[in-house]
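Whatever order the structure lists ligands and atoms in, that order sets their numbers, starting from 1.
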Amino acid sequence: MRITAVVNQKGGVGKTATTINLGGALAFHGHRVALVDGDPQGNLTGALKVAAAHGQPTLPAALLGDWRGPATELVVEHSEFDNGGKLDVIPHCPDMLTISRDLDKVRARELRMSRVLESLEGTYDHVLIDCPPALDIMTDNGIVAARKALIPVQLEDSSLRAVKLLLAQIEAIEDAGLRSAPLEIVGFVVSMLERGAGNVPKSMIGRSVLATFQSFPIPIVASVPRGIPITEAWRYATTVQEYEPTSEHAEAFRALAKAVDA
Ligand SMILES: Nc1ncnc2c1ncn2[C@@H]1O[C@H](COP(=O)(O)OP(=O)(O)O)[C@@H](O)[C@H]1O
Ligand SMILES: [Mg+2]
């Protein structure tokens with residue numbers, strides 16, 4: 001089982017869209033995938049229109065140690081493929097709204113997600129954590145729990161600053177000894193790319209920010225154009241893999257799935 005954090009404390013950069021559609025692509029390739037909605041705003045849960053059953057245990061209860069069963073009991077099913085691939089979700093619930101404040105009061109607070117997800121071993125091939133838009137304790141938990149990370153970015157100046165802060169945070173977590181091995185940053189995912197002629201970013205700013213990202217020691221593993229298939233799949237509570245498998249967006253996520261699975 002491989003755990004990947006989709007992380008960037010900047011909001012609106014495509015974390016949730018990347019988590020959903022990468023999950024869809026991994027499931028399409030036959031993998032058993034669980035998506036963790038780690039954002040108190042619950043956009044992933046809302047997009048996929050999944051909800052926990054009445055009385056089902058919740059992620060915040062598990063993180064806080066108020067409920068101690070296996071994390072497989074937190075899961076809600078979303079979709080299944082004929083090749084054995086499946087997409088499940090550990091959904092948002094109202095108690096997620098205060099999870100960061102509540103976690104700050106408990107011991108071993110950065111390790112809670114890691115411990116909860118351990119019990120998914122054997123049931124899933126891939127777990128993707130949709131991290132919140134804040135450099136807070138939930139993002140720290142995602143960074144600690146994951147073996148790999150993907151960093152969605154947009155080609156804007158503010159994305160560069162956000163990435164520098166994020167990389168410093170990852171380094172601080174490693175320096176504090178909270179991880180046994182360094183986090184493997186698979187790469188940047190350029191989200192909502194606006195292209196002009198010749199397949200290059202349309203704006204001067206976009207081209208300039210892209211050049212700066214290309215100078216980082218982290219590869220750009222995928223570029224996803226801004227496009228209707230992504231927004232329509234979101235509207236219809238599915239992934240672009242199911243909604244429009246022949247689109248270039250679906251193709252980009254299938255390629256990203258191969259990179260994450262490598
Ligand atoms: N490639 C894309 N094309 C069109 N819309 C997109 C694309 N990627 C993301 N979006 C939309 O942009 C908004 C922000 O993306 P989201 O994934 O929610 O960002 P984050 O999780 O980082 O806050 C969402 O409404 C999402 O549907
Ligand atoms: Mg999000």
Side-chain angles (χ1 to χ4, degrees), residues 4-25 35-50 59 78 87 89-93 96-97 99-100 113 128-136 138-139 141-143 146 149-156 158-163 165-166 169 186-196 199 201-203 206 209-210 213 220-257:
T4 302
V6 182
V7 61
N8 186 338
Q9 74 284 0
K10 192 168 184 300
V13 292
K15 290 180 290 299
T16 301
T18 299
T19 308
I20 290 172
N21 290 301
L22 170 61
L35 308 181
V36 180
D37 192 347
D39 181 355
Q41 293 176 62
N43 290 335
L44 182 141
T45 302
L48 293 176
K49 295 194 175 59
V50 288
L59 178 62
H78 177 271
L87 189 64
V89 179
I90 295 186
H92 179 264
C93 68
M96 279 294 287
L97 291 171
I99 188 64
S100 293
M113 180 77 84
L128 308 180
I129 306 172
D130 186 21
C131 291
L135 267 186
D136 65 0
M138 278 300 282
T139 288
N141 265 270
I143 291 169
L150 281 174
I151 306 178
V153 294
Q154 278 186 282
L155 297 182
E156 296 170 355
S158 54
S159 256
L160 288 170
R161 185 178 144 70
V163 163
L165 290 171
L166 173 61
Q169 182 75 1
V186 181
F188 296 122
V189 177
V190 175
S191 288
M192 293 169 257
L193 176 63
E194 308 259 17
R195 288 168 307 181
N199 227 7
K202 202 165 163 181
S203 71
V209 174
L210 178 63
F213 275 124
I220 294 172
V221 274
S223 295
V224 185
R226 184 185 287 281
I228 291 166
I230 301 283
T231 43
E232 287 190 351
W234 185 300
R235 151 75 76 95
Y236 296 113
T238 186
T239 73
V240 75
Q241 231 45 246
E242 289 182 277
Y243 186 74
E244 209 170 319
T246 56
S247 62
E248 60 179 320
H249 307 83
E251 169 59 34
F253 281 108
R254 286 195 297 274
L256 179 60

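- Tested against Val240, the residues Ile20, Thr231, Val224, Asn21 include a single side-chain contact (heavy atoms from CB on, under 4.5 Å) partner, Asn21.
- Shown in contact with Val13 at under 4.0 Å from a heavy atom are these atoms of ligand 1, numbered in order with element: 19 (O), 20 (P), 22 (O).
- Among Ala47, Pro133, Pro225, the residue whose heavy atom lies nearest to atom 1 (N) of ligand 1 is Pro225.
- Put simply, the side chain of Gln154 reaches to within 4.5 Å of the side chain of Arg226, judged on heavy atoms.
- At a 4.0 Å heavy-atom cut-off, ligand 1 touches Thr231 through the side chain alone.
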Note to self: Could you go through Gln41 and His92, starting from their C-alpha distance and side-chain angles, then the distance that decides it, and tell me whether this counts as side chain to side chain contact (heavy atoms under 4.5 Å, CB included)?
What the structure shows: CA-CA 8 Å; Gln41 293 176 62; His92 179 264; over 6 Å; no
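- Within the 4.0 Å heavy-atom criterion, neither part of Ser191 lies near ligand 1.
- Of the N or O atoms in Ile230, none lie within a sub-3.5 Å distance of an N or O in ligand 1.
- Within the 4.0 angstrom cut-off, atom 25 (O) of ligand 1 has no protein heavy-atom neighbours.
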Next item on the list: Would you sort out whether Met96 and Met138 count as a side chain to side chain contact (heavy atoms under 4.5 Å, CB included), showing the intermediate values?
Entry: CA-CA 10 Å; Met96 279 294 287; Met138 278 300 282; 3.8 Å; yes
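- Residue contacts with ligand 1: Thr16 is placed with a nitrogen or oxygen under 3.5 Å of a nitrogen or oxygen of the ligand (distance criterion only).
- Counting only heavy atoms from C-beta outward, the side chains of Val163 and Leu160 never approach each other to under 4.5 Å.
- Protein heavy atom at the shortest distance from atom 12 (O) of ligand 1 is Met192 SD, 3.6 Å.
- Under the 4.0 Å criterion applied to side-chain N and carboxylate O atoms, Arg235 and Glu232 are not assigned as salt-bridge partners.
- For the atom pair CD (Glu248) and CZ (Phe253), the distance works out to 11.5 Å, reported to the nearest 0.5 Å.
- With hydrogens left out, the protein atom closest to atom 3 (N) of ligand 1 is Gly227 N, 2.9 Å, a heavy atom.
- With rounding to the nearest 0.5 angstrom, the CG atom of Leu155 is 12.0 Å from the CZ atom of Arg195.
- Within 6.0 Å of the NZ atom in Lys202, the count of heavy atoms belonging to other residues, nucleotides or ligands does not exceed 12.
- Atom 7 (C) of ligand 1 is flagged as protein-proximal [any protein heavy atom, distance under 4.0 Å].
- Excluding water, every protein N/O/S atom under 2.8 Å from the Mg ion (ligand 2) is given here by residue and atom: Thr16 OG1.
- The closest side-chain heavy-atom distance from Cys93 to Leu59 is not below 4.5 Å.
- Atom numbering of ligand 1 starts at 1 in the shown order; those under 4.0 Å from a heavy atom of Val224 are 1 (N).
- Residue-environment remark: CG (Leu165) exceeds the threshold of 12 foreign heavy atoms within 6.0 Å.
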Next item on the list: Go through the steps for Phe213 and Val153 under the test side chain to side chain contact (heavy atoms under 4.5 Å, CB included), then give the verdict.
Entry: CA-CA 9 Å; Phe213 275 124; Val153 294; 3.8 Å; yes
Check: Can you list the steps and then say if Val89 with Leu44 is a side chain to side chain contact (heavy atoms under 4.5 Å, CB included)?
Finding: CA-CA 9 Å; Val89 179; Leu44 182 141; 3.7 Å; yes
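- Below 3.5 Å of separation, one finds no N or O of Asn43 facing any N or O of ligand 1.
- Among protein heavy atoms, atom 27 (O) of ligand 1 sits closest to Trp234 CE3, 3.3 Å.
- Side-chain polar atoms of Thr16 and Asn43 form no donor-acceptor pair below 3.5 angstrom.
- The contact set between ligand 1 and Arg226, taken as ligand atoms under 4.0 Å from a residue heavy atom, comprises 1 (N), 2 (C), 3 (N), 4 (C).
- Atom 17 (O) of ligand 1 has its closest protein heavy atom at Ala17 N, 2.8 Å.
- With respect to atom 19 (O) of ligand 1, the closest heavy atom belonging to the protein is Gly14 N, 3.0 Å.
- Nearest protein neighbour of atom 23 (O) of ligand 1, counting heavy atoms only, is Gly12 N, 2.7 Å.
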